[in-house]
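This report refers to the structure that appears directly beneath it.
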Amino acid sequence: MSEENLYTAVRGFVLDALAELAPDLAPELLARVEVTPTKDVAHGDMASNAAMIAAKTAGKNPRELAAGLVERLSARPEIAKAEAAGPGFVNLTLAPSYLLAQLPVILRAAEAYGQRQARGLKLNVEYVSANPTGPLHVGHCRGAVVGDALANLLAKAGFEVTKEFYINDAGAQVAALARSVYVRYLEALGLDPQAYIDTVPGGMQYGGAYLVPLGEELAKLHGDEFAETPEANWIDRFRDFAVGRMLDLIKEDLAALGVRQHVFSSERALVEAGGVARGLQTLRDQGLIYRGVLEPPKGKTPEDWEPREQELFRATQFGDDVDRPIAKSDGSYTYFANDIAYHADKVMRGRDGLINVWGADHGGYVKRMQAAVKALSGAKLDVVLCQIVRVMKNGEPVRMSKRAGTFVELRDLIDEVGPDAVRFSMLMRKSDAQMEFDLAAAVAQTRENPVFYVQYAHARARSVLRAAPPPDANVNLVALGAPEEMALIRRLITWPRLVEQAAEAREPHRVAFYLHDLASDFHALWNAGRENAQLRFILEDKPVETAARIALVAATAIVLRSGLAVLGVTPVEEMR
RNA sequence: GGACCCGUAGCUCAGCUGGAUAGAGCGUUGCCCUCCGAAGGCAAAGGUCGCGCGUUCGAAUCGCGCCGGGUCCGCCA
C-alpha cells in the first residue's frame, strides 16, 4: 500500500534533510517536527516548523537552519519550491505531478481512502447507556451521535472498535420502573391504583403514557394474579418484562438514528454472576481497598451528615481528589463498585483502551473512574463529556424529565427533521461545548442545516459523473492546474491526516467541519465553471481535460462519501 | 468551599494539541443563472479572542489569579 498520508511522506523528507544538517537530535525533539497545511496559498502547500524546533539544540539560528533545509528539500523531485519564511518556517510547494498523483490513489482506494492500516489495537467505545426506563429523549441524542461517529472515526483510523451500551438494570431506577408498570397493570385490570401508589416511597416515578401498553399486556398475560399480592411476588417478573420492553424501545430509537451497537452489557447479569466481588478483588489484592471515614464536602455539608466508616478505594493514589466509597454504610455495594466491575470486565475482554461518552452531569465521576481503570490494568480510559443540550422552544427552555413524562422524545425529533440533519447538527459542535437546540428552528430551518450543503456537493458531483464517461485512475492529469482545482486537491489529500488527528483527539466534530470545507471548495470550483466556460467539467471537444476533471470530481465524491460514512450521514445521489 | 467544562464577529460556533495577516455559517449590504443542479458562488461590513500577570523566538491556544455562565460534590444510578 502506498503512503496515503502525503503529510507523513513529506515530513519524512523534512526529517531526512534535518538529519543531514543536525544529526543526533533527540527523538522527543524530532517528534515535535510537524508538516502542516498552510493557511494561505501564498505560503505553498505545506509548511514545517522543523528549523524552529531544532535550532536551539543544533546551535544555529532558525533562519540559518531553515535555509539549509530549503537547499536540500529543493533538490527533491517531489518539491517544486521550498523557501524559508517568517521566524524560520520552511514553506513547501509540491510538484504538481506529485500532488496530482494522489488522485489515482483516491480513485483506487475508493471509500477506503483515509482508512489506516490495522494497528492491532482494540478499543471499546461505550455510549448512550441510558437507563432502560423509557424511550430516548433529545437529551440523549448528542451522546448517541458523538459516540457512534467517534467509534466510526477510530475504526477509520485503524483501531478495532467495539460499540457498547451498558444497561443499568440492577438498581433502584429499574425497581421504580417495575412499580410504575405495576400501577398501569392495576389500571388495566380496572382497579384504582391510588391506594397502592400511596404505599410506594417515591410514588409513581415514571408517569409517562408509554407504560400503559405494558400494564395492559401484563394484565392480559396474568389476569389479576398479582393484584393484591406483596411486591416480592411480582417485582422481578415485572422489572425484567419492563426492562426488556424499554430496551427494545431504546434500540428502535437508536436504529432510527442509524446507531447500531455491537454489545449490550447488563449490569444485572454482571452482578448476578458475582462479577462485582471478582472485579474488586484485583484492587483488594493490591491493598487499594480499606475501611475509613470520609471528610464531609467543604462548604456544603449535608444536614444529616455524620462520620461513617465505609469501604473506600484509594483513588487518590491514581490522581483523584479523595478516596471513593465502594460500599454503603449497610455494606451493600455502591454504583461505583458495580462500575469498577463493569470496567474490569471490559478490560478483560481484551481492550487496549476504553472510551466512555458521558453526559456532562457525570463529569464528577471521570477522575475516579480513570483512577479505577488505571488501578485495574494498563489500559487507559478516556472520557468524552457531552455538555447538556438545552432544548429551547420559542425561546423558552424545555424541561425534560422522564419521570414526569414531559420530555421531548428523540423519535419525534428524528421523524420531524430526519436522522441526517440530527446527526450532522450534533456534530457541528465540539462535544464539550454547551449547546442550545431550538426545536422550532430545527424543524423550520431544515434547508439551512449545513448537512444539506455537504449533501448537495455530493449530489452535484454525482450528477456530473452520471453525465460523463466513467472516471479512469490511469488518466493523464496534467490538464489540472486552475487555482480552484488545486485548492480542491489540497483539501482532498488532507483527509487521511484529518482522520488521524481527529481520532487521536477523540473529536468527531472535526470531520463535520472538514466536510463542510471540502464541499465549499467543490462549490467554488463549480461556480468558477459558471463564470468561465473553459473550467467546466465536461468539455465536448476536449476529452483530455474532461477526463482529468472527471477524475477530480470522482475523487471529491469519494472523499465526501468516506467522510459522511464516518458521521453516519447518507450521501444522497440527488436532492431535487 | 472544592472539582471539571465553557467564555472568540450582532447571533450560533470553528481555530488542525504553541506558529505567519484570527475563520465559517446565519443575519446585514451589493453583485452572479442564454452555460454540467442557484439547497450554489463572489464581494463588502463586522474583533481590546472575558480581564490581568507570567512562561518564550512566538500565546486565542500553556501556567497562575480574578470576573461571568454551566455541570457536579458520602449512604442515587
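A, B, ... follow the sequence lines: proteins, then strands. Residue 1 opens every chain.
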Requested in this report: Go through B:C32, B:A20, B:A38 for me and flag the one nearest to the A:Arg460 side chain.
Outcome: B:A38
Requested in this report: Look at the side-chain N and O atoms of A:Lys430 and state whether any lies under 4.0 Å from the OP1 or OP2 oxygen of B:G15.
Outcome: yes
Query raised in the report: A:Phe537 on top of B:C36's base, within under 5.5 Å and under 30°?
Result: yes
**Report entry** Candidate nucleotides B:G74, B:A20, B:U17, ranked by approach to the side chain of A:Glu34 - the nearest
**Finding:** B:U17
Query - Base of B:A14 and ring of A:His509 stacked, centres under 5.5 Å, planes under 30° - result: no
Requested in this report: Mind calculating the distance between CZ (A:Phe513) and C1' (B:G15) to the nearest angstrom?
Outcome: 9 Å
Query raised in the report: Expressed as a whole number of Å, how far does the P atom of B:C49 sit from that of B:U8?
Result: 11 Å
**Report entry** Any donor-acceptor N/O pair under 3.5 Å between B:C16 base and A:Arg510 side chain
**Finding:** no
Requested in this report: In whole angstrom, give me the gap between the C1' atoms of B:C26 and B:C66.
Outcome: 34 Å
Requested in this report: Using a cut-off of strictly less than 4.0 Å, decide whether A:Lys367 has a side-chain nitrogen or oxygen near OP1 or OP2 of B:A3.
Outcome: no
**Report entry** Candidates B:G74, B:A77, B:G15 - which lies nearest the side chain of A:Arg308
**Finding:** B:G74
Report task. Using atom OH of A:Tyr365 as one end and atom C1' of B:A3 as the other, report the distance to the nearest whole Å. Result -> 12 Å
**Report entry** Parallel, tilted or perpendicular: rings of A:Tyr166 and A:Tyr342 (30°, 60°)
**Finding:** parallel
Report task. Could you tell me whether the phosphate oxygens of B:C16, OP1 or OP2, come under 4.0 Å of any side-chain nitrogen or oxygen in A:Thr36? Result -> no
Query raised in the report: Parallel, tilted or perpendicular: which describes the rings of A:Tyr365 and A:His362, with under 30° parallel and over 60° perpendicular?
Result: tilted
Query raised in the report: Between A:Arg549 and A:Glu545, is there a salt bridge with N-O shorter than 4.0 Å?
Result: no
Query - Residues forming a side-chain contact (heavy atoms from CB on, under 4.5 Å) with A:Pro87, sequence neighbours excluded - result: A:Met52, A:Phe89
**Report entry** Donor-acceptor pair under 3.5 Å, A:Arg497 side chain vs B:C16 base
**Finding:** yes
**Report entry** Whole-angstrom distance between B:G65 and B:G27, as gauged at atom C1'
**Finding:** 38 Å
